[in-house]
Amino acid sequence: MKVFYSDHFVLPLPEGHRFPMAKYSMLRERVAADDICGPGELRTPRAVTDEEILRAHAPGYLERVVSGALTDKEIRRIGFPWSKRMVERSRRASGGTLGACLAALEEGLAANLAGGTHHAFSDRGEGYCVFNDSAIAARAVQAAGLAARVVVIDTDVHQGNGTAEILRGDATVFTYSIHGAKNFPFHKEESDLDAPLPDGADDSEFLNTLERGLDAALEAADADLAIYLAGADPFEGDRLGRLSITKAGLAERDRLVLEACRDRGIPVAVTMAGGYARNVEDTVDVHFQSITRAASLLETSVATDGRKHQS
Ligand SMILES: [Zn+2]
């Protein structure tokens with residue numbers, strides 16, 4: 001399976017910063033040590049261009065991000081100190097999702113070992129999100145004529161508020177978000193379909209709600225491509241999660257989402273989104289099981305229909 005990773009994903013942060021930047025390189029090591037990627041399939045994404053970003057973001061916002069003219073308040077909201085590297089990281093993270101979308105459209109499944117920056121709004125960033133990779137990638141594949149309709153399946157524990165805001169009124173991209181009702185962001189935007197969960201929700205409540213929501217979302221979306229935000233933060237050991245989902249429950253989540261899309265013939269680009277477990281290894285475990293599930297599903301479908309011709 002094609003997997004997108006860039007060393008640019010790892011941003012140097014001040015001592016004591018609470019964002020677990022180490023998860024990206026740890027995840028890459030796990031993927032590289034496994035046989036998920038064939039030769040040349042672990043890829044470095046390109047940076048998305050201004051033109052691609054402007055399909056999702058306001059020109060003034062892009063200009064302030066690129067030139068370092070964000071206000072202190074805007075920077076605090078984003079949560080990362082501004083630097084040229086931060087801008088490049090944000091472009092590459094979106095490039096990884098776009099790369100995964102293009103690969104998925106050809107092969108059925110692909111993944112970005114970053115992305116899921118769903119708190120980025122058209123004119124501002126927040127919650128460690130600068131550019132909205134899902135909106136940028138969806139509109140890039142549409143502009144290229146490769147997909148007419150896209151569905152965003154957001155299972156990160158935080159609502160996909162930026163994605164909902166950017167894509168509001170866009171009938172060609174359906175947004176679905178299952179999240180903690182009482183969690184950040186405290187003001188929720190309206191997705192095409194929202195599934196808020198109470199604090200402490202367990203595997204069965206989460207999975208039952210997800211299964212119903214997926215059916216409704218996929219039915220309504222009638223999509224040619226899915227972007228799946230496989231956030232690791234619904235995990236019971238997450239510092240910010242407020243839910244009680246086990247690793248096995250999250251593996252079942254991956255299966256439900258990926259098989260629901262496969263059964264409807266919808267290619268899926270998997271992105272990582274958040275993960276703030278007390279033990280960073282747990283976050284990496286959860287992300288890794290999403291990648292391995294996607295890769296094994298791709299292997300099965302390739303074995304069945306013989307789509308893959310090269311080694
Ligand atoms: Zn999150």
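The figures that follow rest on heavy atoms only: side chains count, while hydrogens, waters and symmetry mates do not. Atoms within each ligand, like the ligands themselves, are counted from 1 in listed order.
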Worksheet entry | For Arg55, all residues meeting side chain to side chain contact (heavy atoms under 4.5 Å, CB included), sequence neighbours excluded | Glu51, Glu52, Arg139, Ala140, Ala143

Item to complete: Find out whether the Lys NZ or Arg CZ of Arg239 is both under 6.0 angstrom from the six-membered ring centre of Tyr276 and within 45° of the ring's axis.
Response: no

Please find the N/O/S atom of [X] nearest to the Zn ion (ligand 1) and write down its name.
X: Asp156; value: OD1
X: His158; value: ND1
X: Asp233; value: OD2

Fill in: Plane angle bin for Phe131 and Tyr61 - parallel if under 30°, tilted between 30 and 60°, otherwise perpendicular
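Ring orientation of Tyr61 relative to Phe131: perpendicular.
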
Fill in: Phe184 and His158 aromatic ring geometry - parallel, tilted or perpendicular at 30°/60° bounds
perpendicular

